[in-house]
Amino acid sequence: MKTPLPDYLEHVLDECDGDDSGHLADYIPELANASPHRLALAMSTVDGEIYSVGDDDVEFTIQSMSKPFTYAYVLQQLGIDEVLEKVGVEPSGEAFNEISLGKDGRPKNPMINSGAITTHSLIPIKDNISSAEILRQFMSELAGRELCFDDSVYHSEIKTAYRNLSIGYMLRTVGILETDPVDIVNGYIRQCSILVTVKDLVRMGSVLANGGVDAQTGKRLLNRSVVRQVLSVMMSCGMYDAAGDWLTTVGIPAKSGVAGGILGVLPGQVSIAAFSPKLDEHGNSVRGIDMMERLSRDMGLHLMEGTPSAQTIVQSHYRTGQNASLSVYVLRGVLKFTEAEMLLRIFQREPVDQSTIIIDLTQISLIHDVGKRMFLEGVDRLIDDGHSLLLVDPEQRLDHARTHKDRVLHVYQDLDDLLEQKKGHHN
Ligand code: GLU
């Protein structure tokens, strides 16, 4: 069987192909030379599978989609508090290149130019490597290949960068920038000129979707708290002054760029990227938005739709053994707060006696930290009530449970073997 996903993406591409509206960004002269017909779409699952269609090998400049990655880099290097001292997290409701500051004297957020120029200035320089080169290396690591700068787009933007320079001088005047604003704006513009394809973007995005871990190498590249901060700001501020519209219609944390790219990241699920150079009045890709809207609708990706919690954390519960003295719970699915709460309520029904409780975790696909803590608390209380607890956890995901509150929990590999052993023991 061939998975239908590429066919579906192809279908979305075809549906949006006919729309010729919008205009090419021309305030960066080189961007006005882009082929307006280019169209590409890609998707990466959290476990690193990439699907892509259309002009998926065509490179274009990352532009403002570099902003969340620069933000991630400085958060990772300096910590959230230090970065917050310089850049806020409030949506601005203004155009991306507005020459303005928040009332508290900081740029309102890192997704508009004033905030992005500021985050660029925070990159710690070492070994005489330029800030833009540090970012190129970082983004290359996320993309899993060596990315390059587009020199002609860079030079073209530098020649007409009056507005970004004004922002730089404003930031220097109020002390948000602490060094030469011309150097910082140059570095920022170079960062925007990094070339990517939609495939690169979804791979970079999947590290964010996957809580900071590169699924293909298994390497942790960003802390979970950094990823949460970046995605939150993408959600509220990523789509320029159309952020509210985007939140209600698409509902996926995203960032767009004036070369026509849009990257969306749905935590724990997918990253998607679209490319089509013609832009709407907010500076977002017209066909890119259309494709993202369709994907969100068709695949139920809107963040606010939430995933109904599995009502089936307990796949089965039965009593067995002599005098039905063994109470067996087979669990399945994801163990997060909601499921753990449900489970604790079920455990509450266990009569207070000396019976043995067996809990089989083999089919639990993911245990969240809070799920683990709540589960162990429940186990502890069952022991307090006088029960013996036996866990089937072949992958040892509750490893430290053995010494939880100094109690030795017995962990087994296989439910059938354990039952065999227990029943044999009773007979
Ligand atoms: N380099 C562009 C600028 O700073 C990026 C803008 C964008 O993609 O929104 O004006």
Side-chain angles (χ1 to χ4, degrees), residues 22-34 38 59-71 87 91-100 107-121 131-132 135-136 139 147 149-171 177 181-196 198 200-201 204 233-234 237-243 246 254-264 273-286 288-289:
H23 60 277
L24 292 171
D26 54 5
Y27 76 101
I28 300 174
E30 188 65 25
L31 291 184
N33 298 329
R38 297 282 194 211
E59 292 187 320
F60 52 95
T61 49
I62 190 166
Q63 298 298 342
S64 278
M65 291 177 295
S66 60
K67 291 170 180 172
F69 296 106
T70 307
Y71 189 46
V87 194
S92 74
E94 294 167 343
F96 69 98
N97 56 5
E98 199 60 37
I99 306 178
S100 68
K108 286 192 186 136
N109 68 68
M111 301 294 127
I112 51 173
N113 287 12
S114 56
I117 290 169
T118 305
T119 46
H120 188 98
S121 79
S131 47
L135 285 178
R136 190 199 63 77
M139 291 190 211
L147 302 176
F149 294 110
D150 184 325
D151 287 331
S152 52
V153 171
Y154 165 69
H155 287 297
S156 171
E157 184 168 359
I158 284 286
K159 274 194 219 138
T160 54
Y162 312 117
R163 208 174 167 95
N164 280 330
L165 284 168
S166 323
I167 294 173
Y169 281 112
M170 170 191 70
L171 293 168
L177 296 189
V182 177
D183 285 350
I184 296 167
V185 170
N186 279 354
Y188 159 75
I189 289 175
R190 198 144 177 77
Q191 144 195 336
C192 290
S193 78
I194 291 174
L195 283 165
V196 286
V198 284
D200 296 325
L201 284 173
M204 295 162 77
V233 174
M234 283 168 78
C237 317
M239 296 301 282
Y240 307 130
D241 38 347
W246 178 266
K255 186 72 207 87
S256 61
V258 289
I262 304 180
L263 169 64
F275 169 53
S276 167
K278 283 190 160 185
L279 310 178
D280 65 13
E281 69 278 16
H282 302 289
N284 296 321
S285 165
V286 175
I289 289 191

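Each ligand, and each atom within it, is numbered from 1 in the order the structure gives. Only a predicted model underlies this, so the values are computations on that prediction, with no experimental measurement involved.
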Pick from Leu135, Asp150, Asp151: which one makes a side chain to side chain contact (heavy atoms under 4.5 Å, CB included) with Arg190? Asp151
If we number the atoms of ligand 1 from 1 as shown, the ones under 4.0 Å from a heavy atom of Asn113 are 3 (C), 4 (O), 10 (O)
Who passes salt bridge (charged side-chain N to carboxylate O under 4.0 Å, His left out) against Glu59, sequence neighbours left out? Arg145
4.5 Å side-chain heavy-atom contact, Leu31 and Thr61: yes
So which bit of Val258 gets within less than 4.0 Å of ligand 1, heavy atoms only: side chain, backbone, both or neither? both
Are the aromatic ring centres of Phe60 and Phe275 under 6.0 angstrom apart? yes
Can you report which non-hydrogen protein atom sits closest to atom 10 (O) of ligand 1, along with the distance? Tyr27 OH, 2.7 Å
With the side chain counted from C-beta on, respond yes when Val258 and Leu279 share a heavy-atom pair under 4.5 Å apart, and no when they do not. yes
For ligand 1, is any non-hydrogen atom under 4.0 Å from Asn164's backbone (N, CA, C, O), its side chain (CB onward), both, or neither? side chain
For Gly257, the ligand 1 atoms with a heavy-atom partner under 4.0 Å come out as 8 (O)
So which protein heavy atom does atom 9 (O) of ligand 1 come closest to, and at what separation? Tyr240 OH, 2.3 Å
Nearest non-hydrogen protein atom, atom 6 (C) of ligand 1: Ser64 OG, 3.2 Å
What is the closest protein heavy atom to atom 4 (O) of ligand 1, and at what distance does it sit? Tyr188 OH, 2.6 Å
Under a plain distance cut-off of 3.5 Å, with no hydrogens placed, do Ser64 and Lys67 share a side-chain donor-acceptor pair? yes
Cys192 heavy atoms within 4.0 Å reach ligand 1 at atoms 1 (N)
A student comparing Met65, Gln63, Glu157 should find that the heavy atom closest to atom 3 (C) of ligand 1 comes from Glu157
If we only count heavy atoms from C-beta on, is the Ser285 to Lys278 side-chain gap below 4.5 Å? no
